Amino acid sequence: MQDDKITLNPVEFASAVLGGNAQKPGEENKLYIKRQLTLYLEATLLAKDFNSLEESQFDMAKAQQREAVLSKIIEHRYH
């Protein structure tokens, strides 16, 4: 497993998501703005959740690597 973790900038991610969400023909501005705001907030929260998950996965991988090294040390020492 790599030691490189992926993190998303929540603001940049949300802005990119909004960029692909054009106003529908005939859609009222107020409805479009509400849709954009909802999408922005959801995208921001999703990016933060992803970063938290990535951090915990990264920490778990490091712990597994530590345990593997300790197991090898113990194995060589007592066998």
Side-chain angles (χ1 to χ4, degrees):
M1 187 168 242
Q2 290 183 343
D3 286 347
D4 298 329
K5 61 182 176 179
I6 298 170
T7 55
L8 297 174
N9 179 310
V11 173
E12 288 178 11
F13 178 74
S15 296
V17 169
L18 289 181
N21 189 36
Q23 189 169 0
K24 297 175 184 176
E27 183 177 32
E28 292 182 21
N29 287 338
K30 187 175 181 178
L31 182 59
Y32 174 66
I33 291 167
K34 284 182 180 180
R35 224 171 26 90
Q36 289 289 86
L37 179 57
T38 301
L39 189 58
Y40 180 85
L41 293 173
E42 288 176 353
T44 302
L45 292 173
L46 182 64
K48 289 179 181 179
D49 288 346
F50 174 83
N51 289 340
S52 295
L53 178 61
E54 180 70 5
E55 183 67 34
S56 66
Q57 292 289 67
F58 186 72
D59 290 343
M60 191 178 349
K62 286 174 71 177
Q64 289 172 343
Q65 288 173 346
R66 253 192 323 268
E67 285 184 34
V69 168
L70 287 174
S71 292
K72 287 193 183 282
I73 291 171
I74 291 169
E75 183 180 310
H76 287 303
R77 185 171 188 178
Y78 295 106
H79 292 278

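We count residues from 1, following the sequence as given. Keep in mind that this is a model prediction, so the values were computed, not measured.
Glu27 and Tyr32 get closest at one heavy-atom pair: OE1-CD1, 3.5 Å. For the residue pair Ala47 and Pro10, the shortest heavy atom distance occurs at CB-CA, 3.7 Å.
One distance of note links CG of Leu45 with OH of Tyr40; it measures 10.5 Å at 0.5 Å rounding. Between the OG1 atom in Thr38 and the CD1 atom in Ile33 there is a gap of 11.5 Å [rounded to 0.5 Å]. Atom CG of residue Leu37 and atom CD of residue Glu42 lie 10.0 Å apart, to the nearest 0.5 angstrom. Atom CG of Leu46 sits about 12.5 Å away from atom CG of Leu41, to the nearest 0.5 Å. Put simply, CD on Glu28 and CD on Gln23 are 10.0 Å apart, with the number rounded to the nearest 0.5 Å. Distance check: Gln36 CD to Leu31 CG gives 10.5 Å after rounding to the nearest 0.5 Å.
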Output, in order, the C-alpha distance, side-chain angles, deciding distance and verdict of side-chain contact (heavy atoms from CB on, under 4.5 Å) for Ile6 and Phe50.
CA-CA 9 Å; Ile6 298 170; Phe50 174 83; 4.0 Å; yes

I'd like to know whether Leu18 forms a side-chain contact (heavy atoms from CB on, under 4.5 Å) with Leu39, so could you lay out the CA-CA distance, the side-chain angles of the two residues, the decisive distance to 0.1 Å, and finally the verdict.
CA-CA 7 Å; Leu18 289 181; Leu39 189 58; 3.9 Å; yes

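Between the side chain of Glu12 and the backbone N or O of Ala16 there is no donor-acceptor pair closer than 3.5 Å.
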